[in-house]
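Atoms within a ligand are numbered from 1 in the order they appear, just like the ligands themselves.
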Amino acid sequence: MKAAIHTKYGPPEVVSIGDLPKPEPKEDEILVKVCASTVNRTDAGFRSAEYFISRFFSGLFRPHNPVLGCEFAGKVVKVGSLVTEFIPGDRVFGFNDQTWGGHGEFMVIKSGAGVTKMPDHLTYEEAAPISEGAHYALGNIMASGIKKGQQAVVYGATGAIGSAAVQLLKFFGVEVTAVCNSKNVGLVKSLGADAVISYETEDYTITKKKFKLVLML
Ligand SMILES: NC(=O)c1ccc[n+]([C@@H]2O[C@H](COP(=O)([O-])OP(=O)(O)OC[C@H]3O[C@@H](n4cnc5c(N)ncnc54)[C@H](OP(=O)(O)O)[C@@H]3O)[C@@H](O)[C@H]2O)c1
């Protein structure tokens with residue numbers, strides 16, 4: 001199969017298109033024909049390994065996984081013998097920063113990992129870019145221990161992480177004050193925020209509210 005391959009860390013030039021064997025799913029994995037992916041900050045960070053700490057996950061001297069692409073959307077073409085959640089033909093999308101592979105024609109991912117079926121109304125191009133921001137938003141929300149009925153601020157609520165955070169916090173029953181620029185106030189309200197403050201006209205810190213979580217993005 002064709003893939004964007006990197007065998008050493010460095011600038012974008014270390015990536016080139018080449019051929020690799022098509023991966024074979026293990027018993028608990030699915031094989032996905034990738035229809036859309038993204039090149040995002042997580043991919044770029046692991047490619048450059050500028051933050052040395054990333055090498056403890058991706059390989060100290062060279063990358064273990066030559067094909068990046070943590071966000072993906074595509075079609076299941078084969079499932080391992082233990083997989084019950086998916087069948088060939090399912091349209092799926094997700095986030096895979098463990099074994100990566102979205103920058104190849106085919107990728108494998110564990111069926112219990114960050115992959116799920118796509119809503120019918122989404123195209124592959126719409127589904128692929130959703131998951132990275134949501135992944136970081138969810139990680140921070142869970143780490144905060146915030147509970148239903150408590151209050152949170154999302155500063156930067158129009159961004160990839162912020163827009164996901166507003167929606168996830170509302171899903172968890174949190175009262176959300178969102179901060180964004182004036183032109184996006186309507187958009188952020190439509191995401192479910194209880195109060196929206198423009199950082200161009202107001203200072204969100206002047207308030208009597210007590211926040212359990214302040215997400216600064
Ligand atoms: N996505 C990733 O892979 C990733 C990973 C690790 C860390 N991060 C960091 O997490 C942060 C958010 O990431 P993201 O992917 O959600 O970014 P993003 O999609 O580019 O969103 C950036 C946000 O910053 C807001 N912003 C820009 N200028 C501002 C200003 N002067 N005052 C207040 N808000 C301002 C924008 O809001 P307006 O449109 O309302 O101005 C927007 O909501 C960034 O600092 C990023 O470097 C991202």
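- Evaluation of the side-chain hydrogen bond (donor to acceptor under 3.5 Å, both in side chains) rule for E29 yields no partner, not counting sequence neighbours.
- For Y204 and Y199, the ring centers sit 6.0 Å or farther from each other.
- Scanning for side-chain hydrogen bond (donor to acceptor under 3.5 Å, both in side chains) contacts around T205 gives D203, with sequence neighbours left out.
- With a 4.5 Å cut-off on side-chain heavy atoms, Y124 and K75 count as touching.
- Near ligand 1, heavy-atom contacts under 4.0 Å come from R41, T42, E132, Y136, Y155, G156, T158, G159, A160, I161, C180, N181, N184, Y199, L217.
- The local environment of NZ in K170 is crowded, with over 12 non-hydrogen atoms from other residues, nucleotides or ligands closer than 6.0 Å.
- Looking at residues two or more places apart in sequence or on another chain, you find no ring pair (Phe, Tyr, Trp, His ring centres under 6.0 Å) involving Y136.
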